[in-house]
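Written below as structure tokens is the structure these notes are about.
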Amino acid sequence: MWVFKKVADLQAFIEKQRLLKKEIGFVPTMGALHNGHISLINRCKSTATLTVCSIFVNPTQFNDKNDLAKYPRTIANDIVLLTTAGCDVLFLPDVEEIYPMPSTKQYNIGSLDKLLEGSFRPGHFQGVCQVVDRLFDIVNPIHVFFGQKDYQQCMVINRLIEITPQFHHIKMHIVPTLREETGLAMSSRNMLLSLEERSTATVIYKTLLYIKNNLKDGNLSALQREATIKISGAGLQPEYVSIANAQTLEPVLFWDGKTVLVALVAAYLGKIRLIDNLIITDWES
Ligand code: AMP
């Protein structure tokens with residue numbers, strides 16, 4: 001695996017690969033890699049002919065500086081995982097390489113900025129757009145891979161591609177959430193949980209399944225309330241438990257039995273903030 005820390009070196013390498021007719025696939029990450037990330041690398045390898053992964057803990061998407069400070073960093077292990085997975089290129093830039101000047105650009109992502117994560121993490125998605133805009137510009141990929149684990153982020157990236165003419169050729173791939181056997185969605189933040197907390201955290205996926213299994217058309221507020229009680233009853237502090245339109249993420253209080261729905265949860269377990277989601281209707285309906 002080639003490892004580049006400088007934008008100019010990475011771009012010179014990628015340019016040569018492009019002349020060799022390689023199709024560039026790109027998997028942006030913040031490191032502390034686990035098998036969920038590796039499932040994105042695998043999808044990229046089976047779709048593109050050159051797999052580029054980036055590891056960059058992006059300061060502009062952290063609205064809480066403590067969260068940034070305690071974000072896990074396990075670069076030696078990350079390199080082992082990526083090499084074993086057969087990743088071709090790792091881009092590992094410093095903050096100055098990504099932001100030679102402080103980024104102040106703002107993006108019109110509409111209500112995605114206000115709903116759910118947007119409401120509880122003000123500025124988060126503007127930071128995500130800033131870094132993804134910069135990374136797409138540097139890597140200039142054809143295929144990009146994001147995890148459904150961060151469902152709203154996937155919608156934001158779709159929107160970023162839509163509003164940025166030079167990204168219109170990019171094909172976005174959303175990769176299903178990889179889970180532990182217990183159902184807990186794999187996450188870099190899980191390594192900050194004790195074994196007991198990891199077990200407690202499984203209530204989130206159990207609750208998403210509960211919503212899916214008890215969904216009926218009509219008024220959804222009782223189901224939403226029951227789900228919230230299940231999560232707080234297990235000792236977590238939910239920020240939101242939402243049953244939402246899978247396209248717009250607007251809450252659906254009354255279901256017509258047809259609209260595709262996603263259930264989304266964000267909850268604190270102690271000081272660790274966890275998110276998860278599940279499509280609870282068939283995409284076809
Ligand atoms: P992060 O390093 O947390 O920014 O995640 C990098 C990418 O990996 C994002 O597109 C995430 O949605 C994706 N990802 C994180 N966890 C999982 C998972 N459990 N399954 C699939 N993709 C994931």
Side-chain angles (χ1 to χ4, degrees), residues 25-48 51-64 67-68 70-75 77-79 81-82 85 87 90-93 95 98 112 116-117 121 124-136 139 141 143-161 170-193 198 201-202 204-205 208 249 262 264-266 272-279:
F26 181 43
V27 180
T29 81
M30 298 206 297
L33 301 183
H34 49 69
N35 284 339
H37 296 110
I38 299 304
S39 71
L40 272 62
I41 299 289
N42 292 338
R43 268 290 292 279
C44 186
K45 279 177 64 68
S46 63
T47 311
T51 294
V52 179
C53 175
S54 64
I55 295 182
F56 179 65
V57 183
N58 173 37
T60 73
Q61 72 187 69
F62 284 82
N63 49 316
D64 173 353
D67 192 23
L68 172 61
K70 69 174 187 243
Y71 199 82
R73 288 159 169 89
T74 59
I75 192 63
N77 190 55
D78 293 350
I79 289 176
L81 288 179
L82 289 173
C87 179
L90 170 59
F91 180 43
L92 193 58
V95 174
I98 297 297
L112 288 170
L116 304 168
E117 292 297 288
R121 302 184 68 187
H124 169 65
F125 286 129
Q126 292 299 324
V128 168
C129 286
Q130 285 164 358
V131 74
V132 173
D133 185 358
R134 178 84 174 111
L135 289 170
F136 281 5
V139 176
H143 300 279
V144 297
F145 299 81
F146 288 82
Q148 192 196 319
K149 160 78 169 48
D150 298 280
Y151 188 89
Q152 191 173 2
Q153 174 171 272
C154 292
M155 302 297 114
V156 168
I157 304 302
N158 278 336
R159 173 91 180 133
L160 176 69
I161 292 174
I170 293 179
K171 171 113 180 53
M172 165 80 165
H173 302 260
I174 299 179
V175 180
T177 304
L178 204 71
R179 300 180 179 281
E180 309 282 357
E181 268 176 33
T182 58
L184 178 64
M186 290 186 186
S187 164
S188 306
R189 290 167 199 270
N190 293 353
M191 57 182 86
L192 303 173
L193 300 175
R198 278 185 184 222
T202 60
I204 296 178
Y205 184 58
L208 291 170
L249 294 187
V262 59
L264 308 105
V265 171
I272 308 303
R273 188 174 185 277
L274 300 171
I275 59 171
D276 199 355
N277 68 83
L278 191 68
I279 299 289

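Side chains included, hydrogens not; waters and symmetry mates left out as well; all remaining heavy atoms used. Ligands are counted one by one from 1 in listed order, and the atoms in each one are counted from 1 as well.
Taking the six-membered ring for Trp and thresholds of 30 and 60 degrees, Phe145 and His173 have nearly parallel ring planes, at less than 30 degrees apart.
Of the candidates Tyr151, Tyr71, Phe146, the one placing a heavy atom closest to atom 3 (O) of ligand 1 is Tyr71.
Residue Leu33 forms a side chain to side chain contact (heavy atoms under 4.5 Å, CB included) with just one option from Thr74, Ile55, Ile41, Leu40, and that option is Ile55.
The pair Asp67-Arg189 meets the salt-bridge criterion, with a side-chain N (NZ, NE, NH1 or NH2) lying under 4.0 Å from an Asp/Glu carboxylate O.
For ligand 1, the atoms lying closer than 4.0 Å to a non-hydrogen atom of Gly36 are 18 (C), 20 (N), 21 (C), 22 (N). Listed by atom number, the atoms of ligand 1 under 4.0 Å from Met186 heavy atoms are 16 (N), 17 (C), 18 (C), 19 (N).
At a 4.0 Å heavy-atom cut-off, ligand 1 touches His34 through the side chain alone. At a heavy-atom cutoff of 4.0 Å, ligand 1 is contacted by no atom of Ser187, backbone or side chain. Within the 4.0 Å heavy-atom criterion, neither part of Ala32 lies near ligand 1. Residue-level proximity to ligand 1 for Leu40 is carried by the side chain, the only part with a heavy atom below 4.0 angstrom.
For the pair Thr182/Tyr205, no side-chain contact is recorded, criterion being any heavy-atom separation below 4.5 Å from C-beta on. The side-chain heavy atoms of Val128 and Leu160, taken from C-beta on, include no pair separated by under 4.5 Å.
Among all non-hydrogen protein atoms, the one lying nearest atom 20 (N) of ligand 1 is Leu178 N, 2.8 Å. Protein heavy atom at the shortest distance from atom 21 (C) of ligand 1 is Pro176 O, 3.5 Å. Nearest to atom 4 (O) of ligand 1 among the protein's heavy atoms is Met30 CG, 3.6 Å. At the shortest separation from atom 23 (C) of ligand 1 among protein heavy atoms lies Lys149 CB, 4.0 Å. Summary of contacts: the protein heavy atom closest to atom 8 (O) of ligand 1 is His37 CD2, 3.3 Å.
Arg198 contributes a side-chain N or O that, together with a main-chain N or O of Asn190, makes up a donor-acceptor pair within less than 3.5 Å.
Residue-to-ligand polar distances place Asp150 within reach of ligand 1: an N/O pair is separated by less than 3.5 Å. Between Gly147 and ligand 1, at least one pair of N/O atoms sits closer than 3.5 Å.
Under a 4.0 angstrom heavy-atom cut-off, Pro28 registers as being in contact with ligand 1.
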